[in-house]
Amino acid sequence: MLAQFASACGVVTFEFENVPAATFRMIARHSPVRPCARTAEVAQDRIAEKRFLTSLGLPIAPHATLECEEDLVAAAAFLASAGRAILKRARNGYDGKGQSRVASAELEESYKAFGCPCVLEAILPFKTEISVIAVREASGAMQFYDCPENNHAGGILRSSEVPAPISPELQSAAQSITERIAAALGYVGVLGVELFVMPEDDAVPLRVNEIAPRVHNSGHWTLDACIISQFENHIRAVAGWPLGSTNRHSDATMTNLLGDDVRAWRDILQNDPSASLYLYGKSSIRAGRKLGHVTRIQPRKKK
Ligand SMILES: Nc1ncnc2c1ncn2[C@@H]1O[C@H](COP(=O)(O)OP(=O)(O)O)[C@@H](O)[C@H]1O
Ligand SMILES: [Mg+2]
């Protein structure tokens, strides 16, 4: 989808996660590169990401960083006080991969099994998860899609539902956090920011989970429920074209087809004429692999 829009605008796309920040810098001497090298540095490495978010004064999960074996002592003390925590590889983790929930006795072994820098995050008793899908032009002007609520199982996004069951104030707060992140990065394009919504009695209503410098899985419903989708707006922003409306004309639920789920594509269409099906054409089925998604829209309920 993205590639179709991109070629129409003369934009060359590449797999962001696999390109080192130094390569972004080199290419930037010859051509505009969006997102920029600074974004790659921050978003490809959870330790850099935590430092960046902390430098902006944004709320994140309490955590310890593990960059070498000597850091195990402080991390063990952190874990003892946090009670439960998730060890995450600093780089190359996605869809819950490169993460494991650890108790004190398992920390050293799990860290050594990963064999790379990691962050150790307190497990947050969040109420729900939401994301902000935003688009920023080179001029700095930003637009936002309504926040979806995101349901994960085993660290993988199962479904996203919009509107999220949050107040307009909380949605605005999530959007201003995103605005600060995007401005600090000098970001151009669609940006996803994943957030934890904390229980009402928590003094901190939102905590940033992670930054996704791209069109985001939790924004796929924009293809069916918005005037202009996240895909088209991403390419418009990157190409310097005027942005399209992010307005949402329908409520929507987007369900990922993971692994064997995809085999049921024909039944999904047969049983529900209102379902929109997207198959990604990947060559093999593996458990938990994102192979497609289904979006169901409904007339917008008045709020
Ligand atoms: N600190 C945490 N506390 C509770 N749940 C978490 C925490 N970190 C991650 N998770 C759960 O795991 C999911 C995937 O983690 P995330 O850090 O977003 O990694 P990924 O890059 O795999 O998406 C989150 O969406 C959330 O459901
Ligand atoms: Mg995530």
Side-chain angles (χ1 to χ4, degrees), residues 15-18 39-54 58-66 75 78-79 81-103 106-107 110 114 116-134 147-161 164-166 174 177-178 181 190-199 202 204-220 230 254-256 258-259 286-290 293:
E15 279 278 333
F16 175 84
E17 303 298 336
N18 301 330
T39 302
E41 261 163 19
V42 165
Q44 290 175 351
D45 185 317
R46 292 186 197 277
I47 297 175
E49 185 179 48
K50 298 265 185 255
R51 290 190 181 130
F52 168 73
L53 292 168
T54 305
L58 295 174
I60 56 177
H63 65 279
T65 55
L66 281 145
F78 170 79
L79 182 51
S81 66
R84 299 189 310 149
I86 307 186
L87 188 67
K88 300 182 182 178
R89 297 173 65 106
R91 301 182 78 94
N92 299 323
Y94 67 97
D95 290 346
K97 292 189 182 65
Q99 300 192 7
S100 65
R101 295 192 174 217
V102 290
E106 302 149 348
L107 176 63
S110 301
F114 279 147
C116 60
C118 292
V119 296
L120 181 67
E121 273 182 40
I123 294 182
L124 294 173
F126 57 78
K127 201 166 79 176
T128 189
E129 292 181 75
I130 58 167
S131 49
V132 175
I133 311 295
C147 290
E149 177 183 42
N150 302 322
N151 307 299
H152 292 83
I156 308 179
L157 183 68
R158 284 282 352 176
S159 63
S160 293
E161 207 163 322
I166 55 170
I177 286 174
T178 304
I181 291 171
V190 165
L191 176 70
V193 175
E194 300 174 10
L195 298 119
F196 298 118
V197 178
M198 302 307 292
D202 201 304
V204 181
L206 290 169
R207 287 183 192 269
V208 179
N209 174 25
E210 62 174 349
I211 303 169
R214 52 187 150 78
V215 291
H216 196 246
N217 189 179
S218 72
H220 286 2
Q230 62 164 356
M254 185 281 318
T255 308
N256 274 333
L258 305 175
R286 283 199 307 270
R289 192 174 194 204
K290 290 176 176 168
H293 71 268

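FYI, the numbering just counts along the sequence from 1. Atoms within a ligand are numbered from 1 in the order they appear, just like the ligands themselves.
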### Task
Check whether any side-chain N or O of Asp202 sits under 3.5 Å from a backbone N or O of Pro205 as a donor-acceptor pair, and report yes or no.
no

### Polar side-chain atom of Gln99 near backbone of Gly93 as donor-acceptor pair, under 3.5 Å
no

### Message
Given Thr178, which partner from the list Ile133, Leu58, Leu191 fulfils the side chain to side chain contact (heavy atoms under 4.5 Å, CB included) test?
### Response
Leu191

### Query
When you look for protein heavy atoms under 4.0 Å from ligand 1, which residues do they belong to?
Arg46, Ile86, Lys88, Gly93, Tyr94, Asp95, Gly96, Gln99, Glu121, Ala122, Ile123, Leu124, Phe126, Glu129, His152, Gly155, Glu194, Phe196, Asn209, Glu210

#### Entry: Salt bridge present between Glu106 and Arg101 (N-O < 4.0 angstrom)
no

### Task
Output yes if Glu194 passes the N/O/S-under-2.8 Å test against the Mg ion (ligand 2); output no otherwise.
yes

### Query
Which single N/O/S atom of Glu210 lies at minimum distance from the Mg ion (ligand 2)?
OE2

### Message
Run the ring-ring contact (aromatic ring centres under 6.0 Å, His included) test against His220 and tell me which residues pass, sequence neighbours left out.
### Response
Phe231, His293

### Query
What pairs with Phe114 under ring-ring contact (aromatic ring centres under 6.0 Å, His included), at least two apart in sequence or on another chain?
none

### Message
So, using side chain to side chain donor-acceptor pair (under 3.5 Å) as the criterion, who are the partners of Glu129 when residues are at least two apart?
### Response
His152

